[in-house]
Novice: 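Dropping a structure here in structure tokens format, bear with me for questions.
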There are 2 protein chains.
Amino acid sequence: MAVSGQPAGSWSEVRDELRSRGLRWTPQRRMILDVLAATQGHVTSSEIVERCRERDPETTPSTVYRTLDLLEELGYLKHSHGADGREEFHVLPETEHGHLTCERCGRSWEMEPQEASDLVRALERSRGFSVDVSHLTIAGQCTECSTRSSAPSRPRCRLSFRVKRT
Amino acid sequence: MAVSGQPAGSWSEVRDELRSRGLRWTPQRRMILDVLAATQGHVTSSEIVERCRERDPETTPSTVYRTLDLLEELGYLKHSHGADGREEFHVLPETEHGHLTCERCGRSWEMEPQEASDLVRALERSRGFSVDVSHLTIAGQCTECSTRSSAPSRPRCRLSFRVKRT
DNA sequence: GATGCTATTGCATCTTGATGCATTTGGCGA
DNA sequence: TCGCCAAATGCATCAAGATGCAATAGCATC
């Protein structure tokens with residue numbers, strides 16, 4: 001796999017890796033990579049679409065989505081879920097981390113892999129299941145919300161999932 | 001809160017609970033509850049919409065979605081995420097459980113709360129965060145997929161999240 | 001039984017993406 | 001440099017929901 005810890009310069013390999021797999025280096029992909037290279041931390045796919053549109057208003061969203069999918073398959077990106085619940089990409093390399101989201105106030109926090117390590121090990125041992133921590137988003141209630149009011153108030157965010165149907 | 005362990009008969013309380021909160025008992029809600037009462041285990045919202053349509057082809061999807069949201073707020077339903085990744089409702093009372101999903105083969109398994117109890121306790125202790133296990137879906141790779149081929153094959157399902165924007 | 005207030009419905013529209021297909025175009029081989 | 005062919009793009013369309021709004025209709029009261 002291509003990226004395994006290099007700093008941002010790794011984008012320059014993408015072109016070669018694509019070619020070596022019989023895939024193509026197109027102007028659209030180049031632009032999307034430029035946008036990603038100028039990005040750090042979390043970005044939602046629609047943010048990326050917007051940023052591409054700033055550079056080229058002709059940008060087709062589906063091309064962007066497909067490219068993001070491809071880059072994730074190749075290991076240059078990872079996605080998880082932001083505070084607002086939408087798909088969110090992590091531009092690699094970045095420290096792996098999961099997320100906690102409060103169902104009441106909607107805030108979210110990053111979680112070090114080690115915080116979940118017991119779970120990870122337990123599932124590994126008992127089921128041979130290896131957890132993808134960076135994809136993990138744990139919903140629940142944060143301290144503040146659980147202490148603030150004990151009334152069963154309405155959850156502010158109802159998370160739902162969608163999947164790429166293949 | 002209304003439901004706290006009663007068997008299916010608890011649906012009959014819904015009407016009264018709605019009224020006591022100044023909410024209304026409408027034919028549409030009645031039908032949706034009939035559908036839910038005839039349901040066990042997991043159902044996706046669109047399955048519920050379909051079943052409602054079987055009874056009354058006039059059913060408006062948004063009414064169903066809104067009713068499901070309401071019922072979840074009232075504690076009669078819980079949602080999480082199915083193998084195909086879409087929103088999935090658990091008709092309560094049901095044993096609380098989380099889910100594991102394999103990112104490669106797409107299968108999923110139920111997980112007893114106790115399997116996650118270390119994590120739950122750790123987060124409770126360190127952050128006061130109380131995990132909503134029944135909402136938890138852990139992505140990763142199942143034994144079979146991790147042993148079957150070590151090649152970094154393409155993940156078959158890209159999960160994404162959406163949230164009710166309030 | 002009639003009335004009025006307001007919760008709910010139904011409709012139209014929006015959003016985030018996924019997908020099928022015809023057309024275009026990288027880029028390898030000659 | 002040219003041509004070819006599969007990969008990629010762009011477009012149109014679909015899908016699951018969310019949401020704003022005007023019209024409808026529960027239901028508590030009289």
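In the text below, chain A, chain B and the rest are named by the order of the sequence lines, each starting its count at 1. Not measured: the values here are computed from a predicted model.
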Novice: Toward the 5' end of DNA chain D, which comes first, B:Arg19 or A:Ile32, by nearest nucleotide?
Specialist: A:Ile32
Novice: Assess whether ring pair (Phe, Tyr, Trp, His ring centres under 6.0 Å) is satisfied between B:His90 and B:His79, documenting all intermediate values.
Specialist: CA-CA 6 Å; B:His90 299 203; B:His79 81 277; 8.7 Å; no
Novice: Could you state the CD-P distance from A:Glu50 to C:dT15, rounded to the nearest angstrom?
Specialist: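 For the pair A:Glu50 CD and C:dT15 P, the rounded distance is 11 Å.
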Novice: In whole Å, I'd like the distance from the OH atom of A:Tyr65 to the C1' atom of D:dG10.
Specialist: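 In whole Å, D:dG10 C1' lies 15 Å from A:Tyr65 OH.
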Novice: Take the protein atom CE of A:Met31 and the nucleotide atom P of D:dA8, then report the distance between them rounded to whole Å.
Specialist: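 These atoms are roughly 16 Å apart.
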Novice: How would you list, by chain and number, every residue that makes a salt bridge (Lys or Arg N to Asp or Glu O under 4.0 Å) with B:Asp56, sequence neighbours excluded?
Specialist: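 So B:Asp56 forms no salt bridge (Lys or Arg N to Asp or Glu O under 4.0 Å) with any residue.
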Novice: Atom pairs under 3.5 Å, N or O on each side, protein against nucleotides 8-12 of chain C: can you list them with distances?
Specialist:
| residue | atom | partner | partner atom | Å |
| --- | --- | --- | --- | --- |
| C:dT8 | OP1 | B:Arg24 | N | 2.8 |
| C:dT8 | OP1 | B:Arg29 | NH1 | 2.4 |
| C:dT8 | OP1 | B:Arg29 | NH2 | 3.3 |
| C:dT8 | O5' | B:Arg29 | NH2 | 3.2 |
| C:dT9 | OP1 | B:Thr26 | OG1 | 3.0 |
| C:dT9 | O3' | B:Gln28 | NE2 | 2.9 |
| C:dG10 | OP1 | B:Gln28 | NE2 | 3.0 |
| C:dG10 | OP2 | B:Thr60 | OG1 | 3.4 |
| C:dG10 | OP2 | B:Thr63 | OG1 | 3.4 |
| C:dG10 | O5' | B:Thr60 | OG1 | 3.4 |
| C:dG10 | N7 | B:Arg66 | NH2 | 3.0 |
| C:dG10 | O6 | B:Arg66 | NH1 | 3.3 |
| C:dG10 | O6 | B:Arg66 | NH2 | 3.3 |
| C:dC11 | N4 | B:Ser62 | OG | 3.4 |

Novice: Tell me, please, which residues at least two apart from B:Arg19 pass salt bridge (Lys or Arg N to Asp or Glu O under 4.0 Å).
Specialist: none
Novice: Using the salt bridge (Lys or Arg N to Asp or Glu O under 4.0 Å) criterion, which residues pair with A:Asp118? Sequence neighbours excluded.
Specialist: A:Arg121
Novice: For A:Thr39, which residues count as a side-chain hydrogen bond (donor to acceptor under 3.5 Å, both in side chains) partner, sequence neighbours excluded?
Specialist: A:Arg51
Novice: Whole Å only: how far is the CG atom of A:Asp16 from the P atom of C:dG26?
Specialist: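 A:Asp16 atom CG is separated from C:dG26 atom P by 17 Å.
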Novice: Considering residues at least two apart in sequence or located in another chain, which fulfil the side-chain hydrogen bond (donor to acceptor under 3.5 Å, both in side chains) criterion with B:Arg127?
Specialist: A:Glu115
Novice: Once you round it to whole Å, what is the distance between C1' of C:dT6 and CZ of B:Arg21?
Specialist: 18 Å
Novice: Figure out the CZ/C1' separation between A:Arg30 and D:dT9, and round it to whole Å.
Specialist: 18 Å
